[in-house]
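Structure first, then comments.
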Amino acid sequence: MENGRKWKFQGNEGLTTASSISIRGVLNMLMDNLNQDDPRVVIPLGHGDPSAFPSFRTPSVAEDGVVRALRSGQFNCYSSTVGILPARRAVAEYLSRDLPYKLSPDDIFMTTGCTQAIEVVLTVLAQPGANILLPRPGYPFYDARASHSGLEVRYFDLLPEKGWEVDLKAVEDIADENTVAMVIINPGNPCGNVFSYSHLKQVAETARKVGIMVIADEVYGHQVFGSTPFTPMGLFGSIVPVLTVGSISKRWIVPGWRLGWLVTNDPEGIFKETGIVESIKGYLNISSDPPTFIQAGVPHILSRTDDEFFSRIICVLREAADICDAKLKEIPCINCRNKPEGSMFVMAKLDLSLLDGIKNDIDFCLRLAKEESVIVLPGVAVGLKDWLRITFAVEPTSLEDGLSRVKAFCKRHAKH
Ligand SMILES: *Cc1c(COP(=O)(O)O)cnc(C)c1O
């Protein structure tokens, strides 16, 4: 230490460990393991941001909404802490299209992406001693954020043999008098599953029975391309109060715009009664808001984007899911029984007994990065050891190339 001086500050160790289990943390580790001498382009099948690929460019009408708002000079101001009224009204209208009741702008809180909506919810729920039920596999931001807020985490399984449905019996078993909420992600990240109407109704009834709210992560809402239609959890808001989180990041493929929302789907007014609404407002008072001009673009973005754009993206995703399914079937050590029906991910199980000297999923992904310049997320990062999470939302030609490299890798390392 310089001149023997003793500084009184130190990095918060809790944050170092929290980020080591994050998807970004693991992907950074894989990127560091790439072979710089490999002349081939790196194929990123690890993260969920296809915005760089030409097939996934957001429609110009969405860009126009933001540009017009910016150019008007009227939105250089601070936003109100809950978000500006035109944006909240537009989101209320957009989400009410799929509901049997009408959301009011007062049910909507604008957030900096779905990420901040999750942060708000978990902070609001973090009373001393409280616990929350999370899906496994899941989205690790919930785990990291809950632990950081001092909220105890308990897991229920998503069942691969039942198309990744929630193990509802487990929910009842692990909930106790300190359980406050359960989280569902639909359409699913990381599994690419879509919950049916009847399963969601059972989720609502189970949550009601144990007296907890449902947090519904619908950031992939409407991004479905299989046989199960998308059902918003808010449909069951009179059975159980639902906090819905979402954003324009995935459906409009603009994660960098950082525009999301937190919604109270609560026709019975339970969130008001229990102080949840006041608590959300209280937290937003000591937090930051999405940029005002982006918010001001929201009415235009939500009302003017034509269906042609959405159906084109759905077609691209369906084609990509098909390629993924077909290619994985050619690889003996990777098993994928559930073809994805939504979002942009699929979970596939590694059969390490067919491979020579590969210890686990992390080892597999590290070597794959080094030898084939392909990035795939090890399942352990989303709570399932010795599985892989594969993103198929990339340009179809890159996807084929990437999966062919995975196949070559597996062949090279196969046990003889
Ligand atoms: C991408 C993602 C988010 C974060 O969304 P942003 O709007 O980019 O903050 C939240 N939940 C899930 C399940 C996601 O995949």
Side-chain angles (χ1 to χ4, degrees), residues 19 21-27 44-52 56 58 62 66 83 87 91 94-95 108-123 132 134-146 158 164 166 181-195 214-224 230 232-233 243-263 287-291 294-295 297-298 301-302 313 317 340-347 377 381-384 389-393:
S19 70
I21 59 158
S22 74
I23 290 180
R24 284 187 189 185
V26 173
L27 291 178
L45 308 181
H47 71 154
D49 178 0
S51 59
F56 291 92
T58 202
V66 173
V91 174
Y94 169 68
L95 297 175
I108 315 288
F109 303 90
M110 303 308 297
T111 56
T112 312
C114 184
T115 301
Q116 194 200 15
I118 298 170
E119 176 189 320
V120 174
V121 173
L122 297 186
T123 310
I132 187 168
L134 300 184
R136 181 175 51 204
Y139 184 64
F141 183 70
Y142 284 94
D143 310 54
R145 200 63 232 185
L158 301 182
W164 299 111
V166 172
M182 67 182 285
V183 172
I184 55 162
I185 303 171
N186 182 47
N189 177 6
C191 300
N193 62 307
V194 180
F195 291 135
V214 174
I215 297 164
D217 185 327
E218 293 176 359
V219 77
Y220 295 100
H222 295 282
Q223 257 170 348
V224 296
F230 168 64
M233 190 67 205
L243 282 178
T244 303
V245 296
S247 75
I248 59 171
S249 303
K250 309 290 166 63
R251 197 175 188 207
W252 275 266
I253 320 171
V254 288
W257 292 9
R258 310 308 307 129
L259 195 287
W261 49 76
L262 166 59
V263 180
S287 188
S288 190
D289 326 304
I294 304 271
Q295 293 190 51
V298 167
I301 296 169
L302 296 187
I313 294 299
L317 289 173
E341 295 203 318
S343 82
M344 19 176 116
F345 307 99
V346 66
M347 288 294 285
L377 192 75
V382 293
L384 272 195
R389 188 194 73 171
I390 299 168
T391 310
F392 47 83

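First listed ligand is number 1; within each ligand, the first listed atom is number 1. Heavy-atom basis, side chains included; hydrogens, waters and symmetry copies ignored. Quick caveat: nothing in here was measured; it's all calculated off a predicted structure.
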(request) Looking only at non-hydrogen atoms, find the nearest pair between Arg258 and Pro255 and report the distance. (result) NH1-O, 2.9 Å

(request) Identify the heavy atoms of Ile301 and Ala62 that sit nearest to each other, and give their distance. (result) CG1-O, 3.8 Å

(request) Using distance alone, determine whether Lys250 and ligand 1 share an N or O pair under 3.5 Å. (result) yes

(message) Please report the interatomic distance CD1(Ile184) to CD(Glu218), rounded to the nearest 0.5 Å.
(response) 7.0 Å

(request) Just jot down the ligand 1 atoms closer than 4.0 angstrom to any heavy atom of Ser249, in number order. (result) 6 (P), 7 (O), 8 (O)

(request) For the residue pair Pro187 and Phe230, establish whether any side-chain heavy-atom pair is separated by less than 4.5 Å. (result) yes

(message) Tell me the contacting part of Val219 for ligand 1: side chain, backbone, both, or neither, using a 4.0 Å heavy-atom threshold, strictly below.
(response) side chain

(request) Could you pull out the closest heavy-atom pair between Pro140 and Ala381, with the gap in Å? (result) CG-O, 3.3 Å

(request) Identify, for atom 8 (O) of ligand 1, the protein heavy atom at the shortest distance, and state residue, atom and that distance. (result) Arg258 NH1, 3.1 Å

(request) Select one of side chain, backbone, both or neither to describe which atoms of Gln116 lie under 4.0 Å from any atom of ligand 1, heavy atoms only. (result) neither

(request) Using distance alone, determine whether Thr112 and ligand 1 share an N or O pair under 3.5 Å. (result) no

(request) Report the nearest protein non-hydrogen atom to atom 4 (C) of ligand 1: residue, atom name, distance rounded to 0.1 Å. (result) Thr115 OG1, 3.5 Å

(request) Could you tell me whether Cys114 approaches ligand 1 through its side chain, its backbone, both or neither, with non-hydrogen atoms closer than 4.0 Å? (result) both

(request) Rounded to the nearest 0.5 Å, what's the gap from OH on Tyr220 to CG on Asn189? Could you check? (result) 4.5 Å

(message) For ligand 1, which is the ligand I care about here, please tell me if Tyr139 has any N or O atom under 3.5 Å from one of the ligand's N or O atoms.
(response) no

(message) Give me the nearest non-hydrogen protein atom to atom 13 (C) of ligand 1 as residue plus atom name, then the distance to 0.1 Å.
(response) Asp217 OD2, 3.4 Å

(request) List every atom of ligand 1 that sits less than 4.0 Å from any heavy atom of Ser247, numbering the atoms from 1 in the order shown and giving each element. (result) 7 (O)

(request) Would you mind reporting whether Thr391 and His47 have side-chain heavy atoms less than 4.5 Å apart? (result) no

(request) Mark the output for Tyr220 as yes if a heavy-atom distance to ligand 1 is under 4.0 Å, and as no if none is. (result) yes

(message) Show me which atoms of ligand 1 lie under 4.0 Å from any heavy atom of Gly113.
(response) 7 (O), 9 (O)

(message) To the nearest 0.5 Å, what is the distance between CH2 on Trp252 and CG on Leu302?
(response) 5.0 Å

(request) Mark up the atoms of ligand 1 that fall under 4.0 Å of a heavy atom belonging to Ile185, in ascending order. (result) 13 (C)

(request) Would you indicate whether the side-chain heavy atoms of Asp217 and Tyr142 approach each other to under 4.5 Å? (result) yes

